[in-house]
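What follows is a short report on a single structure.
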Protein chains: 4
Amino acid sequence: MAKLRASSVTSETVSIPAQRPRAVKTAARREAILAAALDEFSARGFEAARIDDVARRAGVGKGTIYLHFRDKEALFQDLVRTMLVPLVAGLEAAQPGDQPVRKLIESFVELFVREVYNTRRRDVVRLILTEGQRFPSLAEFYYHEVVERAMTAMRALLQRAVARGELEDDTLVKFPQLIVAPGIVAVIWSGLFDRYKPIDVSAMMHAHLDLLFGKERAP
Amino acid sequence: MAKLRASSVTSETVSIPAQRPRAVKTAARREAILAAALDEFSARGFEAARIDDVARRAGVGKGTIYLHFRDKEALFQDLVRTMLVPLVAGLEAAQPGDQPVRKLIESFVELFVREVYNTRRRDVVRLILTEGQRFPSLAEFYYHEVVERAMTAMRALLQRAVARGELEDDTLVKFPQLIVAPGIVAVIWSGLFDRYKPIDVSAMMHAHLDLLFGKERAP
Amino acid sequence: MAKLRASSVTSETVSIPAQRPRAVKTAARREAILAAALDEFSARGFEAARIDDVARRAGVGKGTIYLHFRDKEALFQDLVRTMLVPLVAGLEAAQPGDQPVRKLIESFVELFVREVYNTRRRDVVRLILTEGQRFPSLAEFYYHEVVERAMTAMRALLQRAVARGELEDDTLVKFPQLIVAPGIVAVIWSGLFDRYKPIDVSAMMHAHLDLLFGKERAP
Amino acid sequence: MAKLRASSVTSETVSIPAQRPRAVKTAARREAILAAALDEFSARGFEAARIDDVARRAGVGKGTIYLHFRDKEALFQDLVRTMLVPLVAGLEAAQPGDQPVRKLIESFVELFVREVYNTRRRDVVRLILTEGQRFPSLAEFYYHEVVERAMTAMRALLQRAVARGELEDDTLVKFPQLIVAPGIVAVIWSGLFDRYKPIDVSAMMHAHLDLLFGKERAP
DNA sequence: GATGAATGAGGGTTCATTCAT
DNA sequence: TATGAATGAACCCTCATTCAT
């Protein structure tokens with residue numbers, strides 16, 4: 001599981017307003033803008049979010065945003081890419097080793113819960129799901145850089161599970177989306193219905209794995 | 001399966017500009033506006049959609065829209081409710097009879113594919129998923145009127161399946177969302193990635209059922 | 001004083017929806033529209049008043065208004081002329097006889113209070129004062145048909161008062177507006193400040209006459 | 001009379017587009033907008049005036065207006081208050097000294113003619129008279145801040161005139177509005193009828209004073 | 001670099017007017 | 001004659017983007 005560590009992913013902004021080299025201050029500003037943009041885009045959607053509010057929230061002038069991002073759309077796309085690409089990198093670095101496939105997938109699920117669902121990245125993922133259609137280049141990027149690669153990796157893994165007898169047949173190999181479907185649903189659900197009925201992602205996803213792989217024996 | 005027919009749902013507008021009573025023409029106009037609105041909202045999202053374009057597409061003057069809907073948001077919400085509520089009614093009318101639960105769920109899945117996924121209603125569902133967060137009243141309506149009721153019905157059904165021995169345990173009873181998750185994912189996917197890799201919902205959902213209930217014996 | 005009666009001025013609408021000759025019904029409708037228009041124009045001003053509200057208030061369809069008046073402005077101008085012209089006619093019919101001038105002017109003041117200030121005509125006068133500037137043709141009409149004629153008549157009267165020794169000099173002959181100024185002010189005041197401090201026009205105008213002509217001996 | 005000087009009131013905008021601190025330019029812009037707004041509101045009335053025209057006339061972009069004023073109504077109300085409040089302050093600073101009351105009132109009349117009637121403030125006053133009814137908060141402000149205070153001051157003055165024997169009785173004390181009535185009428189008249197018969201306010205108001213206080217002996 | 005005042009295209013909404021019924 | 005659904009010009013206001021300071 002340690003192998004699935006997404007190391008470079010925990011970039012939390014720390015602001016020490018003391019004397020720092022220009023480059024550092026610039027980078028910090030960029031981070032502040034991205035964080036503010038995530039807040040605003042998540043709360044109101046891409047179109048309704050106002051650059052003015054992003055600036056205010058980031059504590060910078062409106063013009064400053066345009067020093068870092070060409071326009072509103074670039075800010076949006078950079079935001080999405082900046083916050084998800086490192087994660088994907090982490091994913092690809094994962095070494096199957098010789099564990100049972102189910103364990104690996106469980107690790108993956110836990111990584112998702114820990115590093116995505118329980119962080120701001122959940123909002124980024126939700127933005128892709130909700131706004132992606134209006135940004136074909138983003139959808140394309142995300143498809144080729146994330147979805148396709150993840151599915152390929154997944155398929156290899158699942159194929160191995162079939163070969164090992166961990167899975168009865170190759171149904172999942174054909175539709176690896178089924179593995180992540182509950183995660184997607186949880187992200188959507190949390191945006192729409194959490195106030196009415198919060199969802200326990202971790203429990204749901206493990207239940208899901210039980211259904212796919214058979215119930216785990218109690219430890 | 002016939003019992004899951006959603007009969008009154010196929011209202012397609014046909015325009016014969018001949019002599020028709022005014023009421024009919026007015027209703028037809030309303031339908032045209034709703035259809036155009038669905039197109040525009042789906043293509044660009046709520047915020048970016050322009051009333052002007054809806055009007056043009058519907059073949060009416062801009063002011064006419066305001067004779068039928070208080071404002072842009074009312075148009076959006078009416079659209080969503082108008083197109084989904086009849087379906088829910090159909091769902092609730094479904095009689096379990098004495099069929100195996102799996103058959104019932106298959107019927108449900110097929111109804112979804114036929115009456116939602118393969119129709120304009122897929123776009124309506126997608127609009128809820130993508131815009132619902134910005135319309136709390138819509139999310140609330142949809143949660144109480146559709147999600148909650150559907151989950152309750154589902155749970156009863158699944159409970160019966162457990163009692164009958166059709167399901168090994170009550171995992172699904174706890175997370176009935178898992179039944180529909182692939183459907184949700186398919187709706188999202190079709191908006192984002194269909195151009196890169198179209199998805200076969202029906203096959204995926206049946207594969208999903210195979211995983212949950214065990215593979216069906218070949219017919 | 002009886003000579004200043006403005007007889008044909010009390011046209012209050014009475015609606016008997018029974019069988020009436022067409023012409024009568026048409027005229028009644030016109031009256032209803034004018035009455036409604038006065039309400040709306042007075043309450044909101046010419047620009048802000050909506051034809052729709054006038055129609056609703058008059059109990060007719062919106063289109064009906066256009067059967068009686070060319071457009072919104074014609075409605076406004078007809079309204080003003082319809083309700084004031086008969087009054088002016090009454091004024092001109094006044095015969096000085098041989099009464100003291102002060103008595104005549106008092107009669108005039110009382111006519112104003114009774115037939116203008118205490119009736120809907122006050123609102124008409126206010127509309128002229130507040131909207132007249134934007135309707136040059138109305139201002140012109142009103143100047144030539146009412147103001148100029150009234151001033152000429154007034155001047156003749158005042159000249160006589162000077163000749164008779166009822167007035168010390170010809171100051172008022174030069175500025176007959178001074179006679180009516182308090183009436184104008186009262187009309188304006190009643191629209192702006194009556195809720196804070198209602199004004200007693202009659203008392204104020206008689207006080208004004210006392211100042212101009214000397215205090216009347218107690219009766 | 002010098003005591004009634006309304007000194008800080010003659011702020012005419014002078015534009016030297018040279019190097020000026022931003023604050024100055026911003027203030028100048030605000031003034032330009034107010035001046036343009038007065039033109040447009042006076043010419044067409046509040047409702048009919050277009051923000052676009054105000055902007056064009058002020059030589060600024062449309063959006064600029066909204067940097068200075070919340071909306072059209074705020075622009076209107078700020079305009080009225082900005083241009084009259086300093087004057088009222090001037091009024092209140094007036095010291096009666098020991099002059100005859102008539103002299104004081106003459107000074108006041110002359111101040112009105114000089115600083116109101118012969119300036120743009122006449123248009124502001126006219127706007128209050130013609131639009132005030134539709135802006136209750138403005139009417140209220142104006143009543144409490146100007147009318148009421150002015151009337152109180154006036155009454156004190158007139159009371160003194162009675163005590164000194166300058167006035168025969170307290171008629172004017174009861175209706176101090178009679179003092180200013182000709183001024184109000186002149187403002188209205190100038191908007192409606194000046195093109196047909198211009199009015200000599202100063203002469204009219206002095207004639208009015210003659211009538212109230214008795215004719216002045218030639219100097 | 002950083003700012004925020006200024007801009008003006010754009011879009012939601014209103015409402016006078018028309019005209020088919 | 002009477003109606004009110006339909007229209008679209010008009011207009012207020014917002015907000016992404018620019019640029020002088």
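First the proteins, then the strands, lettered A, B, ... as listed; each starts at 1.
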Next on the checklist: Quick check: on DNA chain E, is the nucleotide nearest T26(D) upstream (toward 5') of the one nearest I51(C), or the reverse? Name the residue that is more 5'.
Outcome noted: T26(D)
Checklist entry - Mind checking whether E47(A) and R44(B) have side chains closer than 4.5 Å, heavy atoms only? => result no
Item to check | Whole-Å gap separating P (dC15(E)) and CG (D71(C)) | outcome: 17 Å
Item to check | Short side-chain N/O contact to dG1(E) OP1/OP2 from H68(A), under 4.0 Å | outcome: no
Next on the checklist: Under 4.0 Å, heavy atom to any atom of DNA chain E: which of residues 54-67 of chain B qualify?
Outcome noted: K62(B), Y66(B)
Checklist entry - According to the Watson-Crick and G-U wobble definition with distances under 3.5 Å, which dot-bracket string, read 5' to 3', encodes DNA chain F, using [ ] for crossing pairs and | for pairs with another strand? => result .||||||||||||||||||||
Next on the checklist: Without decimals, in angstroms, what is the distance between F69(B) CZ and dA5(F) P?
Outcome noted: 15 Å
Next on the checklist: Rounded to whole Å, please give me the gap between CD in E73(B) and P in dG11(E).
Outcome noted: 19 Å
Item to check | side-chain contact (heavy atoms from CB on, under 4.5 Å) between L75(D) and E40(D), worked out | outcome: CA-CA 12 Å; L75(D) 171 59; E40(D) 294 295 327; over 6 Å; no
Checklist entry - Should V85(C) and F141(C) be marked as a side-chain contact (heavy atoms from CB on, under 4.5 Å) after you check the CA-CA gap, both sets of side-chain angles, and the distance that decides it? => result CA-CA 11 Å; V85(C) 165; F141(C) 168 85; 3.7 Å; yes
Checklist entry - Considering residues at least two apart in sequence or located in another chain, which fulfil the side-chain contact (heavy atoms from CB on, under 4.5 Å) criterion with D123(A)? => result L38(A), S42(A), R120(A), R126(A)
Next on the checklist: Closer than 3.5 angstrom, by distance alone: can the side chain of R121(B) be matched with the main-chain N or O of L84(B) as a donor-acceptor pair?
Outcome noted: no
Checklist entry - Listed in order of residue number, which residues of residues 42-50 of chain B have a non-hydrogen atom at under 4.0 Å from DNA chain E? => result A49(B), R50(B)
Checklist entry - Rounding to a whole Å, what distance do you find between D52(B):CG and dA10(F):C1'? => result 13 Å
Side-chain donor-acceptor contacts of residues 59-71 of chain B below 3.5 Å, not counting sequence neighbours, with atom names and distances?
| from | atom 1 | to | atom 2 | distance (Å) |
| --- | --- | --- | --- | --- |
| T64(B) | OG1 | G61(B) | O | 3.4 |
| D71(B) | OD1 | E73(B) | N | 3.3 |
| D71(B) | OD1 | A74(B) | N | 2.9 |

Next on the checklist: Determine whether F135(B) and V80(B) satisfy the following criterion, side-chain contact (heavy atoms from CB on, under 4.5 Å), listing intermediate values before the conclusion.
Outcome noted: CA-CA 11 Å; F135(B) 298 97; V80(B) 172; over 6 Å; no
Item to check | Criterion side-chain contact (heavy atoms from CB on, under 4.5 Å) on L192(C) and Y142(D), from CA distance to verdict | outcome: CA-CA 9 Å; L192(C) 294 177; Y142(D) 192 68; 5.9 Å; no
Checklist entry - What is the distance from NZ of K72(A) to C1' of dT14(F), rounded to the nearest Å? => result 11 Å
Checklist entry - Is any side-chain heavy atom of D39(C) less than 4.5 Å from a side-chain heavy atom of V54(C)? => result no
Checklist entry - What side-chain hydrogen bond (donor to acceptor under 3.5 Å, both in side chains) pairs are there with at least one residue in residues 132-141 of chain B, not counting sequence neighbours? => result E131(A)-R134(B), Q77(B)-S137(B)
Item to check | Whole-Å gap separating P (dT1(F)) and CD1 (I33(C)) | outcome: 13 Å
Checklist outcome for this item: Here the distance between atom P of dT1(F) and atom CZ of R29(C), to the nearest Å, is 11 Å
Item to check | Residue pair M83(D) / L127(D), side-chain heavy-atom distance below 4.5 Å | outcome: no
Item to check | For atom CZ of R70(C) and atom C1' of dA16(E), their distance in whole Å | outcome: 14 Å
